[in-house]
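Every chain is numbered from 1, with letters handed out A, B, ... down the list of sequences. What you see is a predicted model; the values in this text were computed from it and never measured.
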Protein chains: 2
Amino acid sequence: MAASSIKEQVYQELSRVTHAISNSKRMELIDVLSQKGYSVEELSKEIAMSIASTSQHLQVLKSVKLVETQRQGNFIIYSITDDSVLRLISAVKELGYRKIAEIERLIGDFKADKNILESITIDDLMAKSKKEKVMLIDVRPEDEFNAGHIPNAVSIPLSQLKKRLKELPKNKTIIAYCRGPLCIMSADAVKLLHQKKFKAIRMEDGFVEWKLKQQNIPKN
Amino acid sequence: MAASSIKEQVYQELSRVTHAISNSKRMELIDVLSQKGYSVEELSKEIAMSIASTSQHLQVLKSVKLVETQRQGNFIIYSITDDSVLRLISAVKELGYRKIAEIERLIGDFKADKNILESITIDDLMAKSKKEKVMLIDVRPEDEFNAGHIPNAVSIPLSQLKKRLKELPKNKTIIAYCRGPLCIMSADAVKLLHQKKFKAIRMEDGFVEWKLKQQNIPKN
DNA sequence: TAACTATTCAATAATTTAATTGAATAGTAG
DNA sequence: CTACTATTCAATTAAATTATTGAATAGTTA
């Protein structure tokens with residue numbers, strides 16, 4: 001009958017959305033784009049894949065409106081369409097990180113590999129910042145910081161950290177964050193800071209995780 | 001290098017989760033299972049597909065822990081593993097409904113087809129129930145009601161509605177809900193009630209949508 | 001224990017998908 | 001208007017996915 005056929009079609013359309021992120025490279029693309037818009041060339045470097053293939057993956061994502069484009073001079077800049085994309089990816093990660101043992105193992109390996117000893121979450125940060133003075137530093141590239149960052153964070157890209165140590169206090173705990181749980185820039189930053197006798201700790205969550213958390217707090 | 005390889009592997013595992021719901025039949029299965037657990041046979045009828053194929057789809061869903069099984073007598077009952085699955089599907093739908101013009105068109109057709117003239121949301125219901133007396137009826141099959149329902153709702157399965165009209169008040173607005181936006185049982189109920197001169201209106205959201213909404217209200 | 005039943009497995013064929021290479025295109029900047 | 005450049009298109013091949021059928025399996029009931 002007509003009704004069930006329409007129902008079928010709706011499910012087909014919905015599954016086109018999930019199909020778009022059912023490929024690891026496309027998942028990675030969306031995750032990179034969660035930070036800020038990037039050109040095809042930049043993205044192809046980031047995910048280690050030919051420009052032509054990257055372009056085709058991006059077109060799949062675009063066809064279901066997960067990403068959108070905008071020209072900037074010679075470049076075409078891809079970015080995610082809106083926060084509903086972030087929520088989708090976050091829901092996938094939540095399920096994966098919690099339920100798939102293999103992912104837990106991989107993340108464990110990842111941390112071990114990178115000597116990530118200790119880290120806190122956003123909630124920990126909030127609690128900590130009420131009890132003691134902390135300094136929050138964002139060690140991502142500056143343009144990602146400019147595209148959005150956690151309030152009160154100071155931008156000190158990892159590449160500049162060594163030269164800018166004098167900006168940092170010895171009497172406060174320094175909290176470093178970057179792109180999220182799979183990013184190691186904050187771990188490297190903390191390692192360097194420890195060598196230089198600062199009190200520093202890594203925060204696993206990044207700006208995106210912070211932003212999503214904010215949205216769950218109602219406005220009243 | 002090793003590090004990027006682990007990251008790669010995490011994305012690969014994550015994309016297995018989305019791959020599992022990248023097929024329209026599997027999406028439909030999850031959606032049906034969002035209401036309550038069902039046997040393979042029941043599910044195969046629901047999605048209009050052979051038992052063997054249904055079983056194989058279910059195994060894909062199970063392999064990424066979207067569903068789990070439990071034996072009940074001769075039957076194996078599949079159910080979703082937990083609420084993180086609901087949140088994932090909800091995120092997909094949010095994106096699908098908002099972003100894909102095709103779906104909007106389809107839902108438009110769907111509604112026109114079914115004469116779904118008017119509907120309210122959960123928020124509307126809450127507001128309405130403070131201003132006037134309303135009666136909330138759940139027109140899904142009784143076992144789905146028993147598996148979980150919106151507080152204060154009364155179970156009147158669509159199949160029994162005609163016989164049970166005398167239980168309904170003429171002086172209150174009757175709000176009918178079923179499985180959610182893609183389900184037409186509540187629309188059919190409202191149509192019947194209008195014929196019988198009741199004041200009735202359909203609520204698009206179902207129990208699952210209500211439940212997820214509750215979770216976003218923090219506990220303080 | 002035997003018969004029965006719901007579910008899963010296995011093999012197949014048609015369809016999709018993915019990554020690559022090299023050519024084509026559209027748009028910018030000089 | 002020309003040259004240049006970032007991106008997309010097209011064709012190809014290998015691999016993966018889907019739905020089906022019929023056989024096999026585990027588990028239950030009598």
Nearest heavy atom decides the nucleotide; on that basis, is A:Ser50 or B:Tyr78 closer to the 5' end of DNA chain C? B:Tyr78
In plain terms, say whether A:Arg16 and A:Glu13 are close enough for a salt bridge, that is, a side-chain N and a carboxylate O under 4.0 Å apart. yes
For residues 67-80 of chain B, which residue pairs qualify under side chain to side chain donor-acceptor pair (under 3.5 Å), counting only residues two or more places apart or in two chains? B:Lys62-B:Thr69
Against the six-membered ring of B:Tyr38, is B:Lys36 placed for a cation-pi contact (under 6.0 Å from the centre, within 45° of the normal)? yes
Rounded to the nearest 0.5 angstrom, the CZ-CD1 distance for B:Arg179 and B:Ile184 is 10.5 Å
What residues from residues 21-47 of chain A pass a heavy-atom cutoff of under 4.0 Å to DNA chain D? A:Ser39, A:Val40, A:Glu41
Assess whether a salt bridge exists between A:Lys25 and A:Glu46, defined as any Lys/Arg side-chain N lying under 4.0 Å from an Asp/Glu carboxylate O. no
Determine the minimum heavy-atom distance between B:Val32 and B:Leu43, stating which atoms define it. CG1-CD2, 3.9 Å
For B:Asn152, does the CG atom have more than 12 heavy-atom neighbours from other residues, nucleotides or ligands under 6.0 Å away? no
Inter-axis angle, terminal five-pair segments of the helix from C:dT1-D:dA30 to C:dG30-D:dC1 [nearest 10°]: 40°
DNA chain D: first to last nucleotide in contact with chain A (atom under 4.0 angstrom from a heavy atom), 5' to 3', is D:dA6 to D:dA10
Identify whether the distance between the nearest side-chain nitrogen and carboxylate oxygen of A:Lys99 and B:Asp82 falls below 4.0 Å. yes
Taking atom CD of A:Glu42 and atom CD1 of A:Ile51, what is their separation to the nearest 0.5 Å? 11.0 Å
Got a sec? Which of residues 51-77 of chain B come in under 4.0 Å of DNA chain D, heavy atoms? B:Ala52, B:Ser53, B:Gln56, B:His57, B:Arg71, B:Gly73, B:Asn74
Using a strict cut-off of less than 4.0 Å between a Lys/Arg side-chain nitrogen and an Asp/Glu carboxylate oxygen, indicate whether A:Glu102 and A:Arg105 qualify as a salt bridge. yes
Looking at A:Asp31 and A:Lys93, is any side-chain nitrogen of the basic one under 4.0 Å from a carboxylate oxygen of the acidic one? yes
Partners of A:His19 by ring pair (Phe, Tyr, Trp, His ring centres under 6.0 Å), sequence neighbours excluded? none
